[in-house]
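For the single chain, residues carry numbers from 1 onward in sequence order.
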Amino acid sequence: MTTPSGPSGSLSGTPVVPGVAAGPVLHVRGEVSPEAIARFGDGDFADADAALAAYDDAAGAVADTFTSKAESAQGAAAEVLTASAGLARDKGLRGAVSKNLQAGQGPVAAVQGAVDQFVTIFTTMGGLMAERVTDLRDIERRVVAHLVGEPPPGVPTPSEPSILVAEDLAPSDTSGLDPALVTALVTERGGATSHTAIIARQLGIPCVVGAAGVMELDAGTFVVVDGETGAIELGADPDEARGRVDESRRLREELASWTGPAATLDGLPLKLLANVADGASAESAGVEPVQGVGLFRTELCFLDRKEEPSVEEQADIYSAVLAPYSDGRYVVVRTLDAGSDKPIAFATHAGEENPALGVRGLRLSFDNPGLMERQLDGIAAAAERTGTETWVMAPMVATVAEASDFAEKVRSRGLKAGVMVEIPSAALLAHRMLEVVDFLSIGTNDLTQYAMAADRMATDLAHLTDPWQPAVLQLIAITAHAGTEAGKPVGVCGEAAADPLLATALIGMGITSLSMAARAVRPVGAQLSRVSLETCEAAAEAALGAPDPMAARAAVREVLGH
């Protein structure tokens, strides 16, 4: 372990993955070297068409790299890498590059200018589209590196266990990290629902995001990162730090050894479920101590499809997800949540000024009802074929009338009907929603963003895009209470469910199931097995009474004796 040097004190950010790690700061190389770009100049191309062909070759190579990484990844990592591959091949981006080349720009300048144009557009759109800015910049750096003949920028290979520090991290940076060498992640940008946070949870690496000033730390500076409090401590005693790290590792290993069944200390049965994207992720999640799937993101099966699959083809795809759970467990299928940051050629609307607040999710069926009908037919066929208990829910439901209409369609096919609570109106009307549907599932990522009117990727607003925000917790509590009164299930399937600390408060509010990345199930289950329902209720009361997210975390830690 490197001997500490440099300043003492601490920085702080938003904690997203618990655990303590210590070691030297290792900065991510984010840019292509100016020397390589200068040597390349405008390139040796006869005309703009030849330069465009070179761009096509570079963009294709970058997209292939993303696709290759996606094939060896799982869960959230595979999802975002697949989306990045699609963005690298985007025809609109290629068109902007071509236009710049025709105007006389060199290949590097043409790429940089085109990406700048799309960054401005995505940033203006806000919401989930703004989250793609990190991916765009990553694609820009990789394409330029390919053009000038440099290795792609990204995470250097540590020579010893280190703390990875970056302004932000793209999915391609985080998906292949070795937890034995990268023992914690700290970023200056991003919030609790950023790609970095989501993938760090899947990898089980302690992570703090939105830590202002962290990029000013010198490379090699010894720091201690606490992924539960969000503190980045400077000048700590190395022996004391080593003891904290060892204790944290021991606790995490103990949590990871939990095998279920899910229940509180006093015997209240709980449902822990997995979030999946396709047959492969469903099969791998099925061997974990889960009682089923709480979120099957169907749209992720079709990101690269130009034409809508037939009902039969959809039934085959859905059957691969349902089949591993035909042993008495159940699967919650979400209908297409296309739009915004997940465009699908055969479904989504192009050219919207603000896609995050536009035609996405259930709203796609308003002027294309056949899209929903055919998907429900495919889901029903898969359920009949596999014999797996199948629940179906719609995303982006805003009104009781929308919920009622959707439920009628689902029940006519013999399936259980529910809706996502992502829009504050759905939470506020949860009691009326439950009069027309069988269950609710809270998507905390979008609920937080819409409740706080804050872009997930806005560094200055990272404190707002935190599921521990009092307003968000109140909306969750309102929804859970409605479920208790109606005697119907209310689950959480957003990233908040993967936080062991928050999970205790959610159960105390009356949440009946928690669905998360399969990697997070054991730590959450172990945490809940150590507390009684009464303690969970005390944790909920403490969180709901806190004035801000950090105070809420501290209050719950105090209740739990952490």
Side-chain angles (χ1 to χ4, degrees), residues 262 269-279 281-282 285-286 290-301 314-315 317-337 361-362 365 372-397 400 402-422 426 430 433-444 479-480 482-484 486-494 497 510-516 518 521:
L270 304 172
K271 289 183 179 178
L272 298 186
L273 310 167
N275 294 344
V276 305
D278 52 27
S281 60
V290 298
Q291 290 171 273
V293 169
L295 175 62
F296 167 27
R297 301 179 173 101
T298 58
E299 67 280 352
L300 298 177
C301 298
Q314 290 191 56
I317 293 169
Y318 304 148
S319 293
V321 173
L322 298 181
Y325 300 90
S326 61
D327 54 2
R329 295 179 290 180
Y330 68 102
V331 174
V332 181
V333 182
R334 182 176 69 186
T335 56
L336 291 175
D337 190 20
L362 177 69
S365 67
M372 175 69 75
E373 297 286 352
R374 290 184 290 273
Q375 183 171 28
L376 292 178
D377 286 343
I379 295 168
E384 183 175 1
R385 183 186 303 175
T386 60
T388 300
E389 182 180 352
T390 305
W391 303 11
V392 187
M393 63 183 181
M396 291 298 290
V397 174
V400 176
E402 291 172 2
S404 179
D405 181 65
F406 175 75
E408 184 178 346
K409 291 181 173 66
V410 173
R411 288 177 181 142
S412 70
R413 292 166 170 83
L415 304 173
K416 186 174 286 190
V419 298
M420 294 280 289
V421 175
E422 302 165 288
M433 292 281 183
L434 286 167
E435 292 174 359
V436 299
V437 300
D438 303 311
F439 69 96
L440 299 176
S441 185
I442 303 172
T444 52
T479 308
T484 300
K488 293 182 177 181
V490 174
V492 169
C493 65
I511 293 297
T512 58
S513 68
L514 298 169
S515 188
M516 64 205 75
V521 169

pair [X]-[Y]: side-chain heavy atoms closer than 4.5 Å:
{"X": "M393", "Y": "V419", "result": "no"}
{"X": "L440", "Y": "V421", "result": "yes"}
{"X": "E402", "Y": "L362", "result": "yes"}
{"X": "D278", "Y": "F296", "result": "no"}
{"X": "M516", "Y": "L272", "result": "yes"}
{"X": "V332", "Y": "V293", "result": "no"}

Across all chains, not counting sequence neighbours, the side-chain hydrogen bond (donor to acceptor under 3.5 Å, both in side chains) partners of T388 are T386

Applying side-chain hydrogen bond (donor to acceptor under 3.5 Å, both in side chains) to R329 and not counting sequence neighbours gives D327

What do you reckon, is CD of E384 surrounded by more than 12 foreign heavy atoms closer than 6.0 Å?
-> no

* Please say whether more than 12 non-hydrogen atoms of neighbouring residues, nucleotides or ligands are located less than 6.0 Å from CD in E373. => yes

Hey, what do you get for [atom1] ([X]) to [atom2] ([Y]), rounding to the nearest 0.5 Å?
{"X": "T479", "Y": "I511", "atom1": "OG1", "atom2": "CD1", "result": "7.0 Å"}
{"X": "L295", "Y": "R334", "atom1": "CG", "atom2": "CZ", "result": "5.0 Å"}
{"X": "T390", "Y": "L415", "atom1": "OG1", "atom2": "CG", "result": "6.0 Å"}

Tell me whether [X] contacts the main-chain N or O of [Y] through its side chain, where contact means a donor paired with an acceptor under 3.5 Å.
{"X": "N275", "Y": "C493", "value": "yes"}
{"X": "S404", "Y": "V400", "value": "no"}
{"X": "S326", "Y": "L322", "value": "no"}
{"X": "E422", "Y": "M396", "value": "yes"}
{"X": "S365", "Y": "M372", "value": "no"}
{"X": "K488", "Y": "L434", "value": "yes"}

Practice item. In sequence, state the C-alpha distance, the side-chain angles, and the governing distance for R413 and V392, and then conclude on side chain to side chain contact (heavy atoms under 4.5 Å, CB included). Key: CA-CA 11 Å; R413 292 166 170 83; V392 187; over 6 Å; no

- Message: Between D337 and R297, does any NZ, NE, NH1 or NH2 come within less than 4.0 Å of an OD or OE carboxylate oxygen?
- Response: no

For [X] against [Y], the heavy-atom pair lying closest together:
{"X": "A480", "Y": "G510", "result": "CB-C, 4.0 Å"}
{"X": "A315", "Y": "S319", "result": "O-OG, 2.7 Å"}
{"X": "L336", "Y": "P395", "result": "O-CG, 3.7 Å"}

Check the pair E389 / Y325 against side-chain hydrogen bond (donor to acceptor under 3.5 Å, both in side chains), numbers first and verdict last.
CA-CA 8 Å; E389 182 180 352; Y325 300 90; over 6 Å; no

Students often mix this up, so state it plainly: with edges at 30° and 60°, are the rings of F439 and W391 parallel, tilted or perpendicular?
tilted

- Could you check L273 against L514 for side chain to side chain contact (heavy atoms under 4.5 Å, CB included), going step by step and ending with a plain yes or no? CA-CA 6 Å; L273 310 167; L514 298 169; over 6 Å; no

For residues 435-444, the salt bridge (charged side-chain N to carboxylate O under 4.0 Å, His left out) pairs (sequence neighbours left out) are R411-D438

Quiz item: Can a donor-acceptor pair be found between the side chains of Y318 and Q375 at a distance below 3.5 Å?
Solution: yes

